[in-house]
Amino acid sequence: MSSNKINTDNIEFIGDNHIATNISTPLRTDAFKKSDDEKIANIQIHFQKIMEELGLDITDDSLSGTPYRVAKMYVKELFYGLNPKNKPKLSTFDNKYGYKKILIEQNITLDSSCEHHFLPITGFAHVAYIPEDRVIGLSKLNRLVDYYAHRPQVQERLCLQILTDLQDTLKTKSVIVMVNAKHLCVSSRGIKDKNSFTTSLEHGGLFEEKTYRDEFLNAINYDLR
């Protein structure tokens, strides 16, 4: 068996099993030296080559603008979360009310992309925390999920990135994050299972205790049995 075949098999194995190699999104050291406009111009050239290799007539009126549209979509929309300058400002406030119970933001719409095939991941995130000295505006939880989702992702990593960022921001380990999502790389290729979805769960602090986890799961009407 050729080494090329072995490498190809390994590539397929990693992609089909959705294996992540790092909690941080793998980025080059020069990832942000080019401007967005420069990146769009370069991606446009390369995507046109992909279309031409597929045999598409790039001079057709319907297709001629596709390389630019895709390039702009990648940089400005689908993957805007790669750039730290786009991270939402997570302002926190003194917990003046002394609120010490679980606070949940559930059914946060999730739109992401699988880093192995660049196909959509769609679903919902449920985020909760138990305040200590600081609290955060509710909309900031939605914005944080949206930010980390808008990069090439693995679902387990997405959960961890949201969790650890909130723990650092709120100065508490008592955070829990659940993601329920459908992966188009499962439903449209490979096994082509149209009905399955993936659930991932990360937690820390008081949520390590079953009582608090169950309270969270009951509140979002989810059964892990």
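Position 1 is the first residue of the sequence; numbering continues from there.
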Kindly indicate, with the supporting measurements, whether the criterion ring pair (Phe, Tyr, Trp, His ring centres under 6.0 Å) is fulfilled by F118 and F79. CA-CA 10 Å; F118 274 39; F79 304 135; 5.1 Å; yes
Worked verdict on V186 versus T198 for side-chain contact (heavy atoms from CB on, under 4.5 Å): CA-CA 10 Å; V186 173; T198 302; 5.9 Å; no
I want to check something: taking the side chain as every heavy atom from C-beta on, are [X] and [Y] in contact at a cut-off of under 4.5 Å?
| X | Y | value |
| --- | --- | --- |
| P67 | I50 | no |
| E105 | N142 | yes |
| Y99 | V135 | no |
| N180 | T199 | yes |
| T109 | F124 | yes |

First locate atom [atom1] of [X], then atom [atom2] of [Y], and finally report the distance between them rounded to the nearest 0.5 Å.
| X | Y | atom1 | atom2 | answer |
| --- | --- | --- | --- | --- |
| I102 | F216 | CD1 | CZ | 8.5 Å |
| S174 | L103 | OG | CG | 13.0 Å |
| R134 | S91 | CZ | OG | 9.5 Å |
| L170 | L141 | CG | CG | 7.5 Å |
| I108 | I162 | CD1 | CD1 | 7.5 Å |
| I176 | E208 | CD1 | CD | 9.0 Å |

When you look at [atom1] of [X], are more than 12 heavy atoms from neighbouring residues, nucleotides or ligands closer to it than 6.0 Å?
| X | atom1 | value |
| --- | --- | --- |
| K140 | NZ | yes |
| N107 | CG | yes |
| R143 | CZ | no |
| K173 | NZ | no |
| Y80 | OH | yes |

Using only atom types and a distance under 3.5 Å, with no angle test, would you say the side chain of Y129 pairs donor to acceptor with the backbone of I136? yes
Could you check whether any side-chain N or O of N218 sits under 3.5 Å from a backbone N or O of D214, counting only pairs where one atom can act as donor and the other as acceptor? yes
Take V175 and F207 through the test side-chain contact (heavy atoms from CB on, under 4.5 Å) and record every step on the way to the result. CA-CA 7 Å; V175 177; F207 289 107; 5.5 Å; no
Between [X] and [Y], is there shared hydrophobic-cluster membership here, with clusters defined by ILVMFWY side-chain heavy atoms closer than 4.5 Å?
| X | Y | answer |
| --- | --- | --- |
| L184 | L158 | no |
| L201 | I104 | yes |
| I121 | L78 | no |
| I58 | I45 | no |
| Y147 | L138 | yes |

List the steps and the verdict of side-chain contact (heavy atoms from CB on, under 4.5 Å) for V70 and M51. CA-CA 11 Å; V70 170; M51 294 177 66; over 6 Å; no
Hydrogens and angles aside, do [X] and [Y] bring a side-chain donor and acceptor to less than 3.5 Å of each other?
| X | Y | answer |
| --- | --- | --- |
| S200 | Q155 | yes |
| S112 | Q153 | no |
| Q161 | T25 | yes |

Show the nearest heavy-atom pair for residues [X] and [Y], with the distance to one decimal.
| X | Y | result |
| --- | --- | --- |
| K87 | L144 | CE-CD1, 4.4 Å |
| N83 | F32 | CA-CE2, 3.5 Å |
| E77 | H150 | O-CD2, 3.1 Å |
| D60 | S62 | OD2-N, 2.9 Å |
| L110 | V179 | CD2-CG1, 3.5 Å |
| R157 | S24 | NE-O, 3.8 Å |

Worked check of side-chain contact (heavy atoms from CB on, under 4.5 Å) between E202 and T164: CA-CA 10 Å; E202 290 289 346; T164 55; over 6 Å; no
With under 30° as parallel and over 60° as perpendicular, where do the rings of F47 and Y74 fit, or are they tilted in between? perpendicular
State plainly whether the residues D30 and R28 are in salt-bridge range, i.e. N to O under 4.0 Å. yes
Of all pairs that satisfy side chain to side chain donor-acceptor pair (under 3.5 Å), the ones with a partner from residues 31-52, not counting sequence neighbours: S35-E38, D36-K76, Q48-E52
